[in-house]
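Take a look at the structure set out below.
This chain uses plain numbering: 1 for the first residue, then up along the sequence.
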Amino acid sequence: MCDPVSLACQASQPLCTACLIPVHDKIKETLTACFQLRRNRSFLTEALSDLRATEQKVKDKVEEEEAHQWICNPDVRRWQKKVEEILRECDADQEHEEPKRCACLCGCDMDLLHRHRVARKVVQNLQDVNKLKSDGDAFTPPFTHEPPREPVEELPFETQTIGMELALSQLLSRFDDAEKSIIGVHGLGGMGKTTLLKTLNNELKENTRDYHVVIMIEVANSETLNVVDMQKIIANRLGLPWNESETERERSTFLRRALRRKKFVVLLDDVWKKFQLADVGIPTPSSDNGCKLIVASRSNQVCVEMGDKEPMEMPCLNENESLRLFRSNLMAEVSAAIDHDSDMRESAMDIIQSCGGLPLALNVVGCALACSMDAVEWKQAARAMRRYSWRIHGVQEMLNVLKFSYDKLDDTQQKCFLYCTLFPEYGSINKELLVNYWVAEELVSGKSYDGELSIAPKCKGLLTLLLQNNPNLCHLDPKFFRNMSSLKVLDLSRTAIDHDSDMRESAMDIIQSCGGLPLALNVVGCALACSMDAVEWKQAARAMRRYSWRIHGVQEMLNVLKFSYDKLDDTQQKCFLYCTLFPEYGSINKELLVNYWWQRSSCPEKATTGIPP
């Protein structure tokens, strides 16, 4: 029996001669869509479900990769947008009211034109959904890519930038001079040269002036020039690979070639001595290549030797700028008190004058008095500053200001502060490493100030643990040994744990109960090997005394073994008893024994027994 679509096509065939073939195909396609609407809707629902699954999989992977600061590929982003649109469109279409149906047996639609429009829409959506599903399956991770390196990396400020407007204006005026390629900035320590260079760096982020890359390097070559660290910074900013096997000269040649292809700005901070740019890998800037080099140094002579014959002097802050910077370090309540308390205001102005417009001095003293509401303490601070009666002419005098803050530290804090002088001048100090050194030098105690170790380090393969010569160690939490299943030797000599009278008393009771029998001492000792709980030791001593015996034979020895046996869990007890099936003479092969345990399901998991294969 012919289907309705075929009958309709056959009826229209006399009209469909060669010139009407396209029309015939179109009619067939339309009628097929109308008569198969219900089936196509079912296919569309299934296809939408598959598309949502694919879209969720891609979305999860993109979010995971974007968490590492990577950027989604444009093709993937466009696909996600198309999926969002088609899903929204299909959901809207499904909300439309179903067309009214006739009362005839076939239940056909009364509005055939509406059915025709819906049928065409369903077919089109089905095709679009299938194509998007196919495109989504074709994507292969990664769906993101590493973002391009920005020309300027924004730098954080460790201090306030108050009063930098004049210095920044002078520096930008020289920077925009096309004839000036090397710019020197000199001034005393604490004048704000580092802050000025960071401000210029961040200013170039707002307006790059067509520069390809801006690189800031802390040189600090008072003793030796740290070429390797400087080369690492340049290579990192350029996104170049780093090869430890290369020599400094090979790397400098490679970096010079890379920088010659770019219009760059290099900011060199804290330069103490002249050095050759080529040794590091920096091409010499000139008006021809349009590159810039900014050199900040305490010495005017160094700036001249590095290439700027007329270096810029870092200006000091005026009285109003000094007051603003000083007050920026104070609590709001303290700052308000200065306005209302004439004594505090007078002391504050004396301190500001003593600082001579030096930003570092203002910040240091301001932080030291940040929470003080005591007018007497402010007078003492002003008197301490006036005591030196100096105008700042160099680094040595700056130490007087730092000394005021240093004197407010307690003895331990002063020692920790002075310990930092053992590190190199260049680079930063790793905080965790510094604290570990302080602990090792006994400047500060460990993580727990009450002499207790309550951590649980993961050392499953550790055989020997030496904690001797720690007089402040008085207690070990039982969970400390939780992940030390292989521990055999524990040395607690010359620690406060040695002198735990309760544990020592319990230990002596246990020793007396063993009656000098080596096997008994070994068995009970192994059972208590990792226990630092004095209560557990008392329970063990009580359990040993319960039998009140002097060992005279094997039968009595079982009492000692029972104490150790009772400390095993159910599986371990079964494994132990299984050993009685072997002959009394000779030894038991460990691998063979474990295999028997597995076959008998006495030891379902290797970790349960604690015995390695």
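Side-chain contact between V185 and L196 is present, with heavy atoms from C-beta onward closer than 4.5 Å. You'll find the side chain of L200 stays beyond 4.5 Å of the side chain of N202, heavy atoms only. Counting heavy atoms from C-beta outward, F264 and V266 have side chains that approach closer than 4.5 Å. Two residues are said to be in side-chain contact when any heavy atoms from C-beta on lie closer than 4.5 Å; L255 and I282 fail this criterion. Side-chain contact between I183 and V295 is absent, with no heavy atoms from C-beta onward closer than 4.5 Å. In this structure, the side chains of L268 and L277 come closer than 4.5 Å at one or more pairs of heavy atoms. Contact check for V213 versus P151: no side-chain heavy atoms found under the 4.5 Å cut-off. Two residues are said to be in side-chain contact when any heavy atoms from C-beta on lie closer than 4.5 Å; V444 and Q413 fail this criterion.
With hydrogens and angles disregarded, no donor-acceptor distance shorter than 3.5 Å links the side chain of Q170 to the backbone of A167. The closest donor-acceptor contact from the side chain of Q231 to the backbone of V280 lies under 3.5 Å.
In the displayed structure, E319 atom CD is contacted under 6.0 Å by at most 12 heavy atoms of other residues, nucleotides or ligands. For K82, the NZ atom counts as loosely surrounded, since its 6.0 Å shell holds 12 or fewer non-hydrogen atoms of other residues, nucleotides or ligands. Annotation for K431: atom NZ does not count as buried by contact number, only 12 or fewer foreign heavy atoms lying within 6.0 Å. Residue K205 qualifies as enclosed at atom NZ: its count of foreign heavy atoms under 6.0 Å is above 12. Counted within 6.0 Å of CD on E442, heavy atoms from surrounding residues, nucleotides or ligands total 12 or fewer; the atom is thus considered open. Annotation: E248, atom CD; neighbour count of heavy atoms from other residues, nucleotides and ligands within 6.0 Å is above 12. Counting heavy atoms of neighbouring residues, nucleotides and ligands inside a 6.0 Å radius, atom CG of D210 does not exceed 12 of them. Annotation: K274, atom NZ; neighbour count of heavy atoms from other residues, nucleotides and ligands within 6.0 Å does not exceed 12.
Closest approach of L434 and F423 over heavy atoms only: CD1-CE1, 3.6 Å. D350 approaches A382 most closely through the heavy-atom pair CB-CB, 4.1 Å. Nearest heavy-atom pair across N318 and E321 is OD1-N, 2.8 Å. Among all heavy-atom pairs drawn from C72 and R77, the shortest one is CB-NH2, 3.2 Å. Taking each heavy atom of N289 and T284 in turn, the nearest pair found is ND2-O, 3.3 Å. A370 and L330 get closest at one heavy-atom pair: CA-CD2, 3.8 Å.
Here R345 does not pair with D341 in a salt bridge; the nearest charged N to carboxylate O distance is not below 4.0 Å. Ion pairing between a basic and an acidic side chain is recognised when a charged N comes within 4.0 Å of a carboxylate O; D177 and R174 show no such pairing. Salt-bridge annotation for D176 and R209: present, with a side-chain N of the basic residue lying under 4.0 Å from a carboxylate O of the acidic one. We find that R327 and D339 are joined by a salt bridge, their nearest charged nitrogen and carboxylate oxygen being less than 4.0 Å apart.
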* Asked: Checking side-chain hydrogen bond (donor to acceptor under 3.5 Å, both in side chains) for the pair S245/N243: CA distance, chi angles, key distance, verdict?
  -> CA-CA 5 Å; S245 62; N243 189 352; 2.6 Å; yes
* **side chain to side chain contact (heavy atoms under 4.5 Å, CB included) evaluation trace for I234 with L238** => CA-CA 6 Å; I234 298 173; L238 297 178; 3.9 Å; yes
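Looking at residues two or more places apart in sequence or on another chain, you find no salt bridge (Lys or Arg N to Asp or Glu O under 4.0 Å) involving K198. Partners of R237 by salt bridge (Lys or Arg N to Asp or Glu O under 4.0 Å), not counting sequence neighbours: none found.
Side chains of E377 and S372: a donor-acceptor N/O pair is present below 3.5 angstrom, by distance only. Looking only at atom types and distance, the side chain of N436 has no donor-acceptor partner in the side chain of W438 under 3.5 Å away. With hydrogens and angles left out, the side-chain atoms of Q80 and E84 include no donor and acceptor closer than 3.5 Å. Between W242 and E244, the side chains place a donor N or O and an acceptor N or O closer than 3.5 Å (distance only, hydrogens not considered).
With a 6.0 Å cutoff to the six-membered ring centre and a 45° limit on the axis angle, K292 counts as a cation-pi contact of F175.
In this structure, Y419 and Y437 have tilted ring planes: the angle between them lies in the 30° to 60° band.
Checking each of D269, I233, I294 against M216 for a side chain to side chain contact (heavy atoms under 4.5 Å, CB included) leaves exactly one that passes, namely D269.
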